[in-house]
Structures are given as structure tokens and as C-alpha cells.
Colleague: 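What follows is a single structure, and I will ask about it in a moment.
Chain identifiers are assigned alphabetically (A, B, ...) following the order of the sequence lines, protein sequences preceding nucleic acid strands; residue numbering begins at 1 within each chain.
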Amino acid sequence: MSEERSLNFLEEIVEEDLKNGRYKQIVTRFPPEPNGYLHIGHAKSICLNFGLTKKYGGYTNLRFDDTNPTTEETEYVDSIKEDVHWLGFQWKNELYASDYFGILYEYAVKLIKNDLAYVDDSSSEEIAAMKGTPTEPGKDSPFRDRSQDENRVLFEKMKNGEFTDGSRTLRARIDMKHPNMLMRDPVLYRIKHAHHHRTGDQWCIYPMYDFAHGQSDSIENVTHSICTLEFIPHRELYDWLIEKLEIFPSRQYEFARLNLSYTIMSKRRLLELVNQKFVAGWDDPRMPTISAFRRRGYTPESIREFCDKIGVAKRENLIEVGLLEFCVREHLNKIALRRMVVFDPVKIVLTNYPEGKKESVQTDENPEDESAGLRDIPFSRELYIDREDFMENPPKKYFRLAPGQMVRLKSAYIIKCDEVIKDEQGNISQLRCSYIPESRSGADTSGINVKGTLHWVSIPDAITAEVRLYDRLFKVENPAAEEGDFKEYINPVSLQVVKQAYAEPSLMQAKFDDRYQFIRKGYFCLDKDTSPSRIVFNRTVTLKDAWIKEQKKSS
RNA sequence: UGCCCGAUAGUAUAAUGGUAGUACGACAGAUUUUGGUUCUGUUUGUCGAGGUUCGAAUCCUCGUCGGGCAACCA
């Protein structure tokens, strides 16, 4: 196959526009409303908008669509900027729709002067009632034919704060019988005596999305205004306003938003999870937010790769979360430092290993990356292995430790289990084993071949750490599509905490930017809750586990 | 019941009138001091019915199915 990847439909449009000379360069924008944190769905949009101008030349602006002061906050602005940067993109200009409130006001006046807008004294309910339904036409408002002068005066009074919230609106005069409901005299301006995070108390009227978004695109000379499918019906109004206002003709194109299995993407619902404490915050590692993925140990490279792999089209989709996991494993496998950590310890005593003796074994920092070098791990007579790596009555094809069975301790010796010691309750408290002195890694002259290799830690040298294991937040594939409250489908075991795991001592020096693979367990990173008295790790993602599959087959 | 989108393997996404391909998954095998990684192979698809054409996933018609539209949200 050729190295040339096929183009998605937006790339085709851009190439065509460049080829036929419609534009010399393209301009896109990423236009979040600062009313929540960015999620993985936004990452798709970010990669698209920035990716297009990176590939074809031009630039991308970051524009905050901050036209609704009651839901927007500076905290969100800051988090959004941080997230876009972290993903690896640099915007040309940092812009705000609120910067254009003055121009937008003038645009509205122009519409009034052209008899294309009017002030309506109807209440919200009355407007809704006159709107009609998708199958029935609407009715004209009794205020629809006010004189131009009256409209001008009233709109100015709206601006000057002479009316109460909700008492009047400015509406476009289009067609109350239009088959597209958005064209049935849409509201352009509403009165809100609310403090805005940037303009303060300067304004008490605020433009609606439809009267701000397209106009902002136009003011910024955005050539390709890329948004999600639900805005398709808005395009007719978008174009109408550009035509009537006679401003730069930005064009809107729509793509299907990302949906990820076993999670939700609605900002409103994510906010609900945060506010009602179902999660610890916007960056709780179980959340689908960018900040959560960052905290959890995902890399920007892996998220970008994911966005690239899922493609762009116009049909609704539900992407398997497994693809995201594949992408992060693929990257982490290349960069993660290998470490050994035991979560649920069983003590091993090597009966033929001299008491008090200690040695050091060497192993790869990362077998996928020779330049990462080697590290030393202390080895001694008493060790921990994970409880799941021993079975008293193993099934067939169980390659781990069992009575009379041999395994290799990773980078150290082959051992054999001689005796199982139990406490009064019948729980295994100790495994007495013998080691094969000639089987030392790198100098193995024993001639013994074993199928299994286990991770381990030396008890006198081990340090302890808290490990947080995350699973999908929801039990069902598509929580948004289920009946009833989506919160009923939350996975009750999405977080499991190992309060005291035993780790090799080198993890004492773990750094925040480093990624680790706990051998045979998964990929981990230091959590921000780490303090001088407590080391905390997050599991980014598990390793693929062929043994689980094998077990399922036989059961 | 009006208008607007869409429909290709399990999930995504290509093929732009000329051999239905790729990725993930699944399955089988090889390698392996991580049951990881890597490698090899296999499997599965054009929503339906007509039409145009030498030739249709692609163009046309009619259906079917899925989604969106009745916020002073974006």
C-alpha cells in the first residue's frame, strides 16, 4: 500500500478550496464555551482544527464562546488553555466572543435598520407557544411589525438596562412558517443582568450563540468553521446572517462527535458527577476529561494517535474504549521504565539461600529501549510475590508457582516450591522454596527451562506505596442510551485502592513525569496526591492479559 | 406527521463508475527471563428492492432503519 493516507472529507474540502483558489490559506478555530472542562471528544475537535492548519498551512485560533455569563467561569478558561497546550497545540490568537459584544451590537442595529430584526415583548413561554412544532407552522408575534424607529429605541433601552431580565428579546425577522425551526424568527439577544467573567457589568444584554458564533468566525476571517452534527440545522441561519450582514463568508462544516464506549461525553452530566461527588473532581482519573487522562498517565502522543485512528466522518459512532487503550499501551510500551511491585503479597523463604546474604541483580530499565540502560535490584532470602502467582491446585497450563513446580524470578533465580505453610484459618502464610544457584540470570548454567517468570520484591528492601486501580466508570457500553438516570449505571468498582503495595526501592525516586510499567501488571504513574509520607500511583491501563482469556476458555 | 443528516466486517474508517482495503478486536500459531512486546496466518462487510451502465459501495427512484430539530443553552 502507498504511504499516502486517504483524506477525510474535511481534508478533501480544504484541498479543493486551496486548489481552486478560494483561499490562499485556511483559518480554523477551536471554540469552547468556558463552562466545563475539556473531554476526549474535544480532543478530537482540537486535533481536527489544529491538524488541518498544520497540514495545509494557515493558523488556528482559540476562541472562547463566552456569551452566557451565568454558566461561565475563569477557572474553566484556564483549564482549557492548559489542556490544549498539553495536547501539544499552539493557537495563533487567544480570543473571546465577548470581545465582540460591541460589534455584535452594531450588527444587530444594522439588522433592525434593514427591517430584519425586531424587539419582542413576548415572554419566553409565549415565544415557545408561537414557535409551532416541527410539523406545524408557527404564528407571528403581535410585536413583529413594530416600526423600525420603535425597534431601535427599544433595543437601545434593552442595552441601557431599562428592562428586566426576560421581559424582551431581539428577534430576527425571517419566517414563522419556515420548515427549519431555527429560522422561525430566532432570538438574537436576551436581557441578563449578570456579571460576565470578562466584561464585568458592562452589558446587560447578551447575544445568543447563533448571533455570536458565526459572526465571530467572520470577524476572525475563519475560512472553515468546523463543528459537530447537531449544528447542521443552524447552518442555514449562519449563512443567512452572513448574507444579510454582508460580512466575511466563513463556512460551516459538520462532523460526527466522538462517543466512547463505557463513558459519557455530555458536559452537563460530567458536571453532575463532579457536583454530586460520584467522582473526586474534574480530573478524577476515571473521568473522560483531558485533565483526568493527564493525571491518569495518558500521554498527549497517545491521545493524538487515537484521534488520528478514529477518523472523521458524518455518521454517528461509538468508538470502543479498547482502541484508546491500545494507543496508550503502544506508546507507553516504548517509553515506560519497568519496575517490580507486589500488590497482594505472599512471603517466600528460600530455605537454601544463606541467611543475611544479600546480592544485587541487574535488569533492563526498558527492554524496548536499550538506551534506557540497566538498574540494580536487591535480592535476598525473603521475598514477596503476588498471591495470584501461586496456586495450591493449579489447572493445566498454569505456568506460575505451585507445589513442586518451578518458576523463574524475573532477572534472578529459578526457584521451586517445596512446602506451603498455612495459618490457623487455613490461609497461606508462607511458601518455603529452594533456589537453583546456577540459574542466576545472565549466568544460567542450570539447563533448566521454565515456562513462567514472576515479578517479586526483596522484603527487607521493599518500600510501600498506595496504588489506585481504575476500571471503566460505567457498567454499560452506552450509558447515555440507557433508560432512566445514567448514574444508575455507574460501575461500583471503578476504583480499587491497594493501600499497601510493596515496591522495589528504586521507586522511592519516582518522578512525576516518568511513566512506569509494573511488570506483568500494567502502566502506572505517580499521582498528585503523593506526599513525602505517602507515595501514590495511578494505574494508567492494564497490560493485555492472555491468561485471563485462557481461564475464560476453560470455564 | 414537516424539514434535515446518515447507513461498508464486532467497532471505526477507506475505495470518489473498474480487484471491497486498513486499523482495533476475535481466532490460530511462532518467538519471549513480563501469559507483555514482536512476528505470521485466519475469519467476518457494501440496509432492501428496482433502474442507468460493458461494469455500481459509488449515480437515479422508492422503501427500511438510525439520529437531529419545538432553550431568552452552546
Colleague: Under 3.5 Å for both distances, Watson-Crick or G-U wobble, that's the pair rule; now give the dot-bracket for RNA chain B, with | marking pairs to another strand and [ ] for crossing ones.
Modeller: .((((((..((((....[..)))).(((((.......)))))....(((((..]....))))))))))).....

Colleague: Report yes if a side-chain nitrogen or oxygen of Arg235(A) is closer than 4.0 Å to either non-bridging phosphate oxygen (OP1 or OP2) of rC4(B); otherwise report no.
Modeller: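 No, outside the criterion.
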
Colleague: For the pair made of CG in Asp389(A) and P in rU33(B), what is the distance, rounded to whole Å?
Modeller: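 Taking CG of Asp389(A) and P of rU33(B), I get 18 Å after rounding.
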
Colleague: Closer than 4.0 Å, any side-chain N/O of Lys544(A) to the OP1 or OP2 of rU38(B)?
Modeller: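 Answer no for this pair, as no side-chain N or O of Lys544(A) is under 4.0 Å from OP1 or OP2.
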
Colleague: May I ask you to test the Phe231(A)-Tyr209(A) pair for a side-chain heavy-atom distance under 4.5 Å?
Modeller: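 A side-chain contact exists here, since the closest heavy-atom pair is under 4.5 Å.
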
Colleague: Indicate whether OP1 or OP2 belonging to rG6(B) is found under 4.0 Å from a side-chain N or O atom of Arg257(A).
Modeller: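 Arg257(A) to rG6(B) OP1/OP2: no side-chain N or O under 4.0 Å.
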
Colleague: Can you establish whether the number of heavy atoms outside Lys131(A) located under 6.0 Å from its atom NZ is more than 12?
Modeller: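 Enclosed.
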
Colleague: Give a yes/no verdict on a cation-pi contact between Arg198(A) and Tyr96(A), requiring under 6.0 Å between NZ or CZ and the six-membered ring centre and an angle within 45° of the axis.
Modeller: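 Cation-pi check for Arg198(A) and Tyr96(A): passes.
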
Colleague: Figure out the CG/P separation between Asn478(A) and rG66(B), and round it to whole Å.
Modeller: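 Nearest whole value for this atom pair: 15 Å.
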
Colleague: Decide whether Gln362(A) and Ser441(A) meet the rule of one side-chain donor and one side-chain acceptor closer than 3.5 Å.
Modeller: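 Per modelled atom types, Gln362(A) and Ser441(A) side chains form no pair under 3.5 Å.
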
Colleague: Nearest-Å distance, CG (Leu229(A)) to C1' (rA7(B))?
Modeller: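 My rounded result for the distance is 13 Å.
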
Colleague: In residues 61-71 of chain A, which residues come under 4.0 Å of RNA chain B by heavy atom?
Modeller: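 Result for residues 61-71 of chain A: Asp65(A), Thr67(A), Asn68(A), sorted by number.
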
Colleague: Relative to the 5' end of RNA chain B, which residue comes earlier, Tyr189(A) or Thr135(A), by the nucleotide with the nearest heavy atom?
Modeller: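 The residue mapped nearer the 5' terminus is Thr135(A).
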
Colleague: Looking at residues 172-188 of chain A, who's got a heavy atom less than 4.0 Å off RNA chain B?
Modeller: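 Result for residues 172-188 of chain A: Pro179(A), Met181(A), Val187(A), sorted by number.
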
Colleague: Return the value, rounded to whole Å, for the distance between atom CG of Asp545(A) and atom P of rG35(B).
Modeller: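 So the two atoms are 9 Å apart, to the nearest Å.
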
Colleague: Going by atom types alone, do Arg173(A) and Tyr118(A) pair a side-chain donor with an acceptor below 3.5 Å?
Modeller: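 No, because no side-chain N or O of Arg173(A) sits under 3.5 Å from a partner of the opposite role on Tyr118(A).
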
Colleague: Between Lys552(A) (NZ) and rG25(B) (P), how many Å, whole number?
Modeller: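 One finds 14 Å between P of rG25(B) and NZ of Lys552(A), rounded.
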
Colleague: Does NZ in Lys397(A) sit with more than 12 non-hydrogen atoms of other residues, nucleotides or ligands closer than 6.0 Å?
Modeller: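 Not more than 12 within 6.0 Å, no.
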
Colleague: Would you tabulate the nitrogen or oxygen pairs shorter than 3.5 Å linking the protein to nucleotides 28-31 of chain B?
Modeller:
none

Colleague: Is the phosphate of rU11(B) approached by Lys309(A) (side-chain N or O, under 4.0 Å from OP1 or OP2)?
Modeller: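 For Lys309(A), the contact criterion (side-chain N or O under 4.0 Å from OP1 or OP2 of rU11(B)) is not met.
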
Colleague: Hey, could you give me each pair passing salt bridge (charged side-chain N to carboxylate O under 4.0 Å, His left out) that has a residue in residues 132-142 of chain A? Not counting sequence neighbours.
Modeller: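 Only Asp140(A)-Arg144(A) qualify under salt bridge (charged side-chain N to carboxylate O under 4.0 Å, His left out).
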
Colleague: Output all residues satisfying salt bridge (charged side-chain N to carboxylate O under 4.0 Å, His left out) with Glu220(A), sequence neighbours left out; order by chain, then residue number.
Modeller: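 Listed in chain order: Arg63(A).
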
Colleague: Any chance the rings of Phe326(A) and Phe306(A) have centres within less than 6.0 Å?
Modeller: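 Ring centroids of Phe326(A) and Phe306(A) are no less than 6.0 Å from each other.
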
Colleague: Does any part of the side chain of His196(A), heavy atoms only, come nearer than 4.5 Å to the side chain of Asp66(A), both counted from C-beta?
Modeller: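 Yes - at least one pair of side-chain heavy atoms lies under 4.5 Å apart.
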
Colleague: Rounded to whole Å, please give me the gap between NE2 in His455(A) and P in rU34(B).
Modeller: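 Spelled out: NE2 on His455(A) to P on rU34(B) is 13 Å.
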
